[in-house]
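Since the structure comes first, as structure tokens, the remarks are kept for the end.
Proteins come first, then strands; the chains are lettered A, B, ... in the order of their sequence lines, and each starts at number 1. Quick caveat: nothing in here was measured; it's all calculated off a predicted structure.
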There are 2 protein chains.
Amino acid sequence: MAKAVTIKDIAQHCGLSVATVSRVINNKGAIRAETVERVEAAVQALGYRPSMAARALKSASNRTLGVIIPSLTNPVFAETAAGLQQQARLLGYTPLILSSDYDDALESSAVENLLAYQVDGVLLTVNDATSSAALERLDEAGVPYCLMHNVPRQRVAGFIGVDNFRAAAEVATRIQALGHTRIGMVSGDFMRTDRARDRYAGFLAGLKYAGVELAHLVQVDPVNATGLQESLSRIYSQEGSHPTAWFCSNDLLALATIAQLEAMGRSVPDDVSIVGFDGIQAGALRQPMLTSVRTPNLEIGSASVDLLMAQIHDTSSNTGRKLDYHLMEGGTLAAVSEMPDPDSGNTPDPHLQSLDESKDDA
Amino acid sequence: MAKAVTIKDIAQHCGLSVATVSRVINNKGAIRAETVERVEAAVQALGYRPSMAARALKSASNRTLGVIIPSLTNPVFAETAAGLQQQARLLGYTPLILSSDYDDALESSAVENLLAYQVDGVLLTVNDATSSAALERLDEAGVPYCLMHNVPRQRVAGFIGVDNFRAAAEVATRIQALGHTRIGMVSGDFMRTDRARDRYAGFLAGLKYAGVELAHLVQVDPVNATGLQESLSRIYSQEGSHPTAWFCSNDLLALATIAQLEAMGRSVPDDVSIVGFDGIQAGALRQPMLTSVRTPNLEIGSASVDLLMAQIHDTSSNTGRKLDYHLMEGGTLAAVSEMPDPDSGNTPDPHLQSLDESKDDA
DNA sequence: CTACAATATGTAAACGTTTACATCACCATT
DNA sequence: AATGGTGATGTAAACGTTTACATATTGTAG
């Protein structure tokens, strides 16, 4: 292992003290232009790279940002991580990405891990922002942080995400407006994440506002979607009228639902409509495209970095921001094909603004 | 920012020297059982976490593994990263994951970055293992590393991956065996990654062995697949017989190709067969499933960690390993529906072993 | 009873930075 | 000419560990 070149080597090579070299590197204080050049040349020549370890030790800043996401393989968080990494790189920061696997204990241990690395700040998506030991720990440690995707009701240091409640409510009225009266929802990780909860609550509220009842609620394991196949085939094997539309709390679930329905001989969207949530690439790579609430995942990542930076440097009071989502048209959401139930008939109302979202906490 | 508790605090709290505490924590040397208990209790009580920075500085080991992957959002690498992180966690290591965005310069700078962090070793997928500045730098620095997905011809410290050449060749004979005679290939990042090159070379070799010629080669940008739509519509708008099967060098490309073909009114696999490469989840979440060469991505990650550990500790001579892939049956690969060209008729031969793969380097 | 190994702990230096403080030269103001 | 400000650099301490070496305490064999 070739000995790494240190600041001392540079100092020696230039006939300067390490202090001066350090000042040049961080361009702090007043240095002669010629000295700067000399040092920079030496840095180039010897291939010097400051040791992050030593930097962190002096507890100034090691230009490292901790990141905790629930899953590396879920495209939503992968995209968020990509956006964040890009922005961090632009600003000269390195992200240290950890996955919590949707597990509270791992979430907490990830925070401890990041604390041990003395990161300058943390970007994270927690399972449930209303009751997160990880978040409390960060508050306690006084480390700046910014939540991604979580949009908590209580006050937090910072957050960037979309209004899941409102978006889900909008989906509900949109579905109803197309004549559907028997509507189901497929939700994953229901008790585990605040997003799923908000989406469920929003969807219910939207349906209620539109005067429709939720016909079915299918809950499945978020990771491997166990139980989906069974639940769906049970529902569709029963007599009577089946749901003509399903809202799925995320796109992965929506794609699994479509695959299952098609395997059961139902055509999407001719027989049954599907709406997802997230707008992942895999949804766009099919024909017809998966109708979905498209969330700006890359931007959630990069905006979170910006907000965190503001916190770190300006100690700004800006506490968070809701980003716009986009409910796409067409795709796997179509007008109902069967005759609607006789008792339906109220006109959809677009005034979603009147919806109250501050109640439905489970 | 609450002052972090250090090893000194523990020492003071226990009436011991820092040396003893350090020894307890790393359980090195001989310590009285009662002392161990006392220290561990204090660690628990005060919530002590050793500073990674200080550890790294003493240049022992900071139990950190550097990771470089071409993309966070490509499911293949996301899965690999997930597998690797899981295994690393098991062994008490923390992965520091960086994305190179398929860019050689970023690849190199990522290596420099990891070197600055004094990681114990590096796990990485490079664009092209035969000419990688990043790899040379690692060799020069003497840092243990293990390639993931790259299966280089020259000697390297370590690698874990599948035999892309052989797998692609197998795909070729499989397609031909189903009666296809007009076969195309869609390849991304062709000049950029050794995987795409090996798959192309293997496919060509396989076709040649089966006595078929490649009818079309469509090359597209790996990231956004620009040019795919244009190329395909040009090919299918021409007079004459069109390809009845396409091999795509990865699943993302395969899904995009299917979407495009279906948008052009072709049915998959009734009119045209598609075979991908990687076996990503999105391919399995459609009906019919995307036929693909399934690579053990999670295992590539975890096996790489194991191999790297062997390198770090045992200075083992084990230099690399090829993992099994699996070419799935059915799905989007079906027997040809049109009449095959009159001049075809040779029987496929399963003796792929005779294929020589040591020639086709671009 | 002495001596020597083994066990258990303490002391202090080192790792590569950053930074408060000191120094020195130079020039401008009184 | 003395004073003081400013610009450029050096000195040395500190950050939280690990670890070679020293020391102290035992048990045990001669």
Under 4.5 Å between any side-chain heavy atoms of A:P144 and A:V122, yes or no?
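No, every pair of side-chain atoms sits at 4.5 Å or beyond.
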
Selection residues 76-85 of chain A - residue pairs positive for side-chain hydrogen bond (donor to acceptor under 3.5 Å, both in side chains), sequence neighbours left out:
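side-chain hydrogen bond (donor to acceptor under 3.5 Å, both in side chains) check on residues 76-85 of chain A returns A:E79-A:N297, A:T80-A:H149.
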
Under a 4.0 Å threshold between the charged nitrogen and the carboxylate oxygen, would A:D194 count as salt-bridged to A:R153?
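Looking at A:D194 together with A:R153, the answer is no, because their closest N to O distance does not fall below 4.0 Å.
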
Sequence-distant partners of B:P70, side chain to side chain contact (heavy atoms under 4.5 Å, CB included), two or more places apart
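If we apply the side chain to side chain contact (heavy atoms under 4.5 Å, CB included) test to B:P70, skipping adjacent residues, the hits are B:F77, B:S100, B:Y102, B:T125, B:R195.
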
According to side chain to side chain contact (heavy atoms under 4.5 Å, CB included), who are the partners of A:E112, at least two apart in sequence or on a separate chain?
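Only A:L115, A:R137, B:R49 meet the side chain to side chain contact (heavy atoms under 4.5 Å, CB included) criterion with A:E112.
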
Apply salt bridge (Lys or Arg N to Asp or Glu O under 4.0 Å) to the pair B:D306 and B:R321, showing each step before the final yes or no.
CA-CA 11 Å; B:D306 290 339; B:R321 196 151 62 90; over 6 Å; no

Please report the distance, rounded to the nearest Å, between CG in B:L57 and P in C:dA14.
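Rounded to whole Å, this separation is 14 Å.
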
Taking CG from B:L16 and P from C:dA8, how many angstroms apart are they, rounded to a whole number?
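To the nearest whole Å, that distance equals 13 Å.
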
Using a heavy-atom distance cut-off of less than 4.0 Å, which residues of residues 29-41 of chain A contact DNA chain D?
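Going residue by residue through residues 29-41 of chain A, the ones with a heavy atom under 4.0 Å of DNA chain D turn out to be A:A30, A:I31, A:R32, A:T35.
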
Heavy-atom count check: over 12 atoms from other residues, nucleotides or ligands less than 6.0 Å from A:Q44 CD?
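Open: at most 12 neighbouring heavy atoms sit under 6.0 Å from CD of A:Q44.
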
For A:Q154, does the CD atom have more than 12 heavy-atom neighbours from other residues, nucleotides or ligands under 6.0 Å away?
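It does: A:Q154 CD has more than 12 such atoms within range.
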
Can you give me the bend angle of the helix from C:dC1-D:dG30 to C:dT30-D:dA1? Use the axis through the first five pairs and the one through the last five, nearest 10 degrees.
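One end's axis against the other's: 60°.
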
Under a 3.5 Å distance rule, please check whether A:D101 uses its side chain to pair with a backbone N or O of A:D103 as donor and acceptor.
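Not a single qualifying donor-acceptor pair exists.
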
Going by atom types alone, do A:S51 and B:Y117 pair a side-chain donor with an acceptor below 3.5 Å?
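Absent: no donor and acceptor within the cut-off.
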
How would you summarise protein contacts on nucleotides 17-25 of chain C per nucleotide, using B for base, S for sugar-phosphate only and - for none, with heavy-atom distances below 4.0 Å?
BBBB-----

